[in-house]
Structure formats: structure tokens, C-alpha cells
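A short write-up of the structure that comes next.
Heavy atoms only: backbone and side chains are in, while hydrogens, waters and symmetry mates are out. Reminder, nothing fancy here: chain letters follow the sequence lines and each chain counts from 1.
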Amino acid sequence: MRILVCTGTGCISSGSENVGEAIKEELDNQGLDKYDVIYTGCQGFCEMGPLVIPDDTFYCEVDEEGARKIVREHLKNSNIVKELLYKDPHDDKLATKREEIDFYKKQKRLVLERCGLIDPENISDYILSGGYMALEKSLQMKPEEIIEELKKSSLRGRGGGGFPTWLKWQYTREKNTGLKEGYQEKYVVCNADEGDPGAFMDRSILEGDPHAVLEGMIIGGLAVGADMGLIYVRAEYPLAVKRLEEAISDAKEKGYLGYNILNSGVFFDIKIKQGAGAFVCGEETALIESVHGNRGMPRPRPPFPAEKGVHDSPTILNNVETFANIPIVINKGGEEFASLGTKESKGTKVFALTGKVNNTGLCEVPMGISLKEIIYDIGGGVKDDKEFKAVQIGGPSGGCLPKDQLDLSIDYDSLIEAGAMMGSGGLVVMDEATCMVDLSRFFLNFTQSESCGKCNPCREGTKRLLEILNRIIDGNGQRDDIKTLERLGKNVINSSLCGLGQSAPNPVLSTLRYFENEYIEHIEQKYCRAGVCKNLTSIKIIPEKCIGCELCKKHCPVEAITGEKKEAHEIDPGICTKCRVCIEKCPSRAITH
Amino acid sequence: MKKTNTAKRIDTKVQANNLEENKIRKLIDEYKEDQGGLIPLLQKIQEEEGYLSRDRLEMIANEMNLSLAKVMGVVTFYSQFHLTPKGENVIRVCMGTACHVKGAGQIMEKLQNKLEIETGETTPDGKFTIDAVSCIGACGLAPVATINHDTHGKLTTDKVNDLLDEYDKGSDNK
């Protein structure tokens, strides 16, 4: 019998490794030896971690004491430990199974199906759950047939661009013909340089189901005739690197990788390349430069990597999630895969749902689902029953969508029409406490500092955009700033060399499109309604509401608050650093901005 | 209790143990032939020595037949590499979107005030370094910071004091 303990990065930070050890200890103490503790990858529901699942029962926020209790009560005496079950925040109903929780109900888990249910460090688990079947099937197929299946499936790149995967593979495959000097190397590259702030699906797939990515890459190798695979993974993801290394050596041992794969005479090897921390290296030509040991600067395309990639050889370069989709396409068949999703976007997409929402975590949904369903049904609505303001989708390349776009169907094309982008799938929910000008500055600050500096529009353009935003936020905005932002933003989009510059102004333009009034307030009235921009905010105590409890005074880090006990307090605006600690601490909500 | 320190691989050892020259030569030989070996070599040396000193960079450039400018170009391009030693405890505050929306800025401010240094700096006594990272992929627990090998989620400004005290007492980054 298996006890699943989530050891995704989220749960590990909440202490799940110690929880697992506590379970093992208690099993020993109780003399229960028919149970195995399995450390799984991410279950997606990170906020409620650490998660422990014995016999299909879903326990959350388990600490070491709780872990021992599960062993004593649940395993030994078959009593459910009620206080560790998930409680619905709306009606306080307890859920015993994963499927009963709203967060999981509307999901369609294909790519994440195994994540959280198998031991990612055990290849037998993967094989038992149907792993490497697609590889066996692909070995019986002709390369053209594999690509044909992909074509039928209409799978598009999950890194955000949405380029048809089969077409990329087809180009790379065709590069084989017409070569005069015999053998030319080809490469299959997996882009695991997930640099988007607010997205962690690639990390979770790598940590939770590394073999699925390997299998997708090997099939890629078969389809285009490559014999070498590279995984370019962020060095900031040490657990993913470790699990990938193990997966590669296990797959080699079992004959799924390396020489003579499953006695078919095929050779394919995979190596790991660790990135060194540069967002722009997610761009394919920059990634290739980085693999070559250079500064990761993009170059103009064409030639595309399909023609001239790693070591100038034909290369297919896909995102982690795309590769994880490949075995699913082969197993299901292209047509069945294409039955899920919208006309132009097929299959599912994994989103990292975060921000001011009740259930944060990873969710996988069919394409075409509405934003509302994700935020309210899966995410459980805005936290603390606050007002929904906007959702930021697609990271720095994406945009902010307001309330009236909540019914928007999520697919590549409708998102672009609405001024956002699929990006890698970060979905950050924001309430009234978020200032949209500040948020667009946040993204611009990020892209500006990550710009590689090779092309003028991106290097200079993002810098000037940022200067203007800083000016507005500091309270020195000028009347024509909005026009300048729009014009400059469009120019940067139209004239930059790579995707980083071509999408960098998106957060600015989309907030201007939907929240122009906030920019105007900042510029003309010197007012920030969210109270985030410090120069435009002053923190006040409403004397009628203040009960003189002195809590604010006690917590103020700079001693800006004065007043006697049981009397109304005052804040000295000259000293106040607007850290907002007093607002959080005040029990009678007497402090506002 | 067993605790796996998987984060160790990217974390910088602070006690820079200077590698012997022949050991570095050996490392360089290992990566010399590989087109693209420069970045993994730099990673390896930084992992061992804590940072990349000018001496080392010159040596690498010489041995690999590259100009020092080329090596410096790569070192300064990637945020993983640094040219000065770090403090005993390295605090990395996540500045991802989710953390930003949930108040990572305030956590950072508190740290700066408390330690009286700016982001990227080390305290004069060498105990703490504060860094900002773009996203560590634990968005569900925002705001998040890592200190040495541990990730601390759902931070509040209140918790900062206790955390600093905890690491001030003893460093596990040796």
C-alpha cells in the first residue's frame, strides 16, 4: 500500500520531507510494514501543502504531529483524521478525496496526470502507469507517420508562441535531404529555462514526471532523425536537475535511451545543460548561443533553428510542456487529442494560478475554458472576498485583463486579440490593492534589466518606457506621457529583434488599454487609488475609528505614530515610510491610505 | 532526521576553499575541448571557490585561449556569476509577480532596514548578503525567500526578525 507524500518544491518548503520521515518513523513504531512512503512530484495544490495521500484520502497542511496521527488513526484504526481534511472555504464542507475539491473538479489533467501520483525517481512507477508505451509505438512507426499524428493533433508550442509543433519537426526532418556530405548531426533541445516570474509548470513537470519529457524528446529524435538531445534547464531548479539526471541514467539502464533503444538499432542520448540565470535565454536563438558558451544574445531569424541550431545543425527546440504532450498524442492518436480544446487551440494548458486567489497552485484545463471558470471555480474566487480587479496572464510578455474580459475563452488567438498572450501560462489574480501603473512598472523593470542589449529598440526603448513610468509613479507625470508610452511601446514591439523586446511593452499597453483612468489619476491628480505608489499616498488614522489600542504604535518600524493609550493616535507623515504595517495590524480598520 | 539539501548545487559556498592550481588546470582541461564548456566551467569553479576572482578568470582565459574580455563578457551577462565573495548567509528574496503582488517589496525593505545594506550587498561583518531573484517557482507560497538552502514561504514583515535571529546564531552554509 502506498502513502503519497508530495515533495514538489512548494511542499518541501512547507516541510514535507520531515512529514515523510515522521510517517516512516511512526509506521515503525506501530509495527505497520505493509505501507510504502512514496515521495511524489507536485500535486499542484501548493498552498495547502504538505499534502499526504494514504488510500485516496486527501490530507492537507500536514505537520509532523499530523503525520503521526494519520498513521495511528487512519492507517492503524481506519479512522479518518477530520482536522487534516480540506475544508471548503465557502460552505465549510469537508472533502475526503482529491476529486471532491473544487480546485481539482474542473481540471482536465493529461500532462499532469502522473504528477503527484507516481514516484518520479522510480522508472518502474512510470512504466507501470503506461510510460514509454508511446516510445514503443513510435519505434514501429515511420518518422513521417509520427509527424502526421502530430499534424492531426494540431499541437501548438506550449512555451507561449503557439507555433505548430509538427511544422517545426517537419522542417527539421526535411533538412536531412539534399545533404551532400553524408551524415549531419541533428539535435533535439528541450527548453526548460523557465524564467517567467509567476510561472512554475515546467519546473513541476520536470520534478514530478521527468520521464514524460525524456520520452517526448526521444520520440522527437526518432521523428527528425536526431541522435542527440539537450535539456537546457535553469540552475535555479536544483531538484529538477537532480531528478532529470536520475531519470536519464535509469532510462539508459532500462534500454529506453542510449545505444540500441529497445533493440531497434536506434541511438539517442540526452544531456543536461544548466543555464546561468538570464531570462532572454528562453528565446530559442539566445538559448543556442548560451549552449555554445557565449553571452545569450538572440540573432535574427531566419535561419531558424530547424535549419541552423546547435552547432549549426538542424535542431528542434520545444518547451517542456510541449514535449510532455508528445507521448499523450502518440498514445491517444492525433485525432482524439484534437477532440479536446477549441478550433485553433487543441488539448490542455497548464496554468500557474497565483496572486490574490483562494486556491493557488498549478491547474491543467482544456483550452477554451473561460477565465472566470479558472479564477472562480478552480481558484475559489478572490481571497478575503475582496473585489476582483484584473488578471495578469502570460508573465512579462502578456497583459492584464479586467473584469469585463472574464468570459474570454482561453486560447492562443483570443488572448492576443484581448491584448494579452498565453506566454508560458502564469495567471496572477489581482484585487483592489494592486496598482496597475506599479504593476506595469514591475514587468518593465524586469524586461529592461533582462534585455540583452543587442538591439537598440529593446535596450533603449524599454529604458525610456521605464523612466516615464518611474516619473509618473514619483508624482512627476506629464500630460503627454500616456501618448508617449503608447507610441514608444508600439515602436519597441515593431522593431525589436527577438520575442523579449517584441513583447516587453505588452504589460504597459494592456494596462493603458483597460486602466487608462489610473494613469490619468497618477498624472493629473497625483493620486494612487491602491495606495501602493508611495509619493502619491499618505497613510492616515481616522480619529473616530481609532480605539487607541497602541498596536500600530508598537509595530511601526520608524516610530512615526504617537498618541496616548485609549486616545486617537496620529501619524507623522514626515517620518512615515508607508510600509503599511499599521494598516495590517489595526484591529478596528481605522488606518487607511 | 534526514533532510536532503538539493539546493546545494547552485548555492555558493561561502568559505571559499581556494582550489590548488593543478586542480583548476585539470578542471579546465575537462571543459577545454567542449564547444560551450566555458559556462559549466565557470559554474564549477564558482561552486568550489565561492566567487570568481580576477586571478581565476585570467587563468581560464589563458588556458582556454580566449580573451579576458570574452570571459568577462560571459561572466557579467549571467546573473548566476559574481565577482565578489558573498556573506555567510545568502538571503534571496523572490521578486516574481505573485510575490510582488503579495508584498515581496515590503519584505525586502524590512531586510534592507534591518541589515542596513542595499540589495546585492553584504553586511560589514560578513554575516548576511541580500539578493533579489526573479522567480523561484514556489508562487503558491508567496512571498518567498530562500536563505542558504532553505525556502521560507508565506513570509510577513513580522517573521523577518525571527528569521534573521535564527540564522545569525549559526550558519548552515559552511
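A:S397 places no side-chain N or O within donor-acceptor distance of the main-chain N or O of A:G423, the cut-off being under 3.5 Å. Judged by distance alone, with hydrogens and angles left aside, the side-chain atoms of A:S451 form no donor-acceptor pair with the main-chain N or O of A:Q448 at under 3.5 Å. In this structure, the side chain of A:Q43 does not engage the main chain of A:C6 through any donor-acceptor pair within 3.5 Å. Under a 3.5 Å cut-off, the side chain of B:N89 and the backbone N or O of B:K127 do form a donor-acceptor pair. Put simply, the side chain of A:K273 never gets that close to the backbone of A:V233: no donor and acceptor are under 3.5 Å apart.
Side-chain contact between B:N148 and B:E88 is absent, with no heavy atoms from C-beta onward closer than 4.5 Å. A heavy-atom distance below 4.5 Å is found between the side chains of B:L68 and B:L57. Under the 4.5 Å side-chain criterion, counting only non-hydrogen atoms from C-beta, A:K386 is not in contact with A:K356.
Contact count against chain B (heavy-atom pairs under 4.5 Å) is highest for A:S13 among A:S13, A:G10, A:C46, A:G361. When each of A:G296, A:G395, A:A433 is scored by its heavy-atom pairs under 4.5 Å with chain B, the top score falls to A:G296. Ranked by heavy-atom pairs under 4.5 Å with chain B, the list A:L362, A:L439, A:D438, A:D431 is led by A:D438. Contact count against chain A (heavy-atom pairs under 4.5 Å) is highest for B:H100 among B:H100, B:Q35, B:Q106, B:K102. Most heavy-atom pairs under 4.5 Å with chain A, from the set B:T156, B:T151, B:T97: that is B:T97. Across B:G73, B:P40, B:C94, the residue that shares the most heavy-atom pairs under 4.5 angstrom with chain A is B:G73. Between chain B and the residues A:E194, A:R580, A:R234, the most heavy-atom pairs under 4.5 angstrom are made by A:R234. Counting heavy-atom pairs closer than 4.5 Å to chain B, the top-ranked of the candidates A:N294, A:V581, A:T577, A:V428 is A:N294.
For the pair B:E48 and B:R56, the salt-bridge criterion is not met [side-chain N within less than 4.0 Å of a carboxylate O].
The part of A:E584 that comes within reach of chain B is its side chain, from C-beta onward, which places non-hydrogen atoms under 4.5 angstrom from that chain. Interface remark: B:K70 contributes side-chain atoms only to the contact with chain A (heavy atom separation under 4.5 Å). For a residue to count as touching a neighbouring chain, one of its non-hydrogen atoms must lie under 4.5 Å from one of that chain's; by this rule B:K114 does not touch chain A. Only the backbone of A:D196 comes within less than 4.5 Å of a heavy atom of chain B; no side-chain atom from C-beta onward does. Heavy atoms closer than 4.5 Å to chain B are found in the side chain of A:V280, but not in its backbone. Contacts of A:C452 with chain B are made by both backbone and side-chain atoms, with heavy-atom separations under 4.5 Å. Looking at B:S134, both its backbone and its side chain come within 4.5 Å of chain A, counting heavy atoms on both sides. The part of B:D158 that comes within reach of chain A is its side chain, from C-beta onward, which places non-hydrogen atoms under 4.5 angstrom from that chain. With a 4.5 Å cut-off on non-hydrogen atoms, A:F443 touches chain B through its side chain but not through its backbone.
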Evaluation steps, side chain to side chain contact (heavy atoms under 4.5 Å, CB included), between A:R295 and A:K454:
CA-CA 10 Å; A:R295 291 165 75 100; A:K454 185 173 183 176; over 6 Å; no
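At a heavy-atom cut-off of under 4.5 Å, chain B is reached by A:P197, A:G198, A:A199, A:F200, A:R203 from residues 197-204 of chain A, listed in order of number.
Counting only N and O atoms by type, the side chains of B:T119 and B:Q112 include a donor and acceptor under 3.5 Å apart. For the residue pair A:T360 / A:E47, a side-chain donor-acceptor distance below 3.5 Å is found, with atom types taken as modelled.
Taking A:Y187 as the reference, A:H311 meet the ring-ring contact (aromatic ring centres under 6.0 Å, His included) condition, with sequence neighbours excluded.
When the shell of 6.0 Å around NZ of A:K585 is examined, it contains more than 12 heavy atoms from other residues, nucleotides or ligands.
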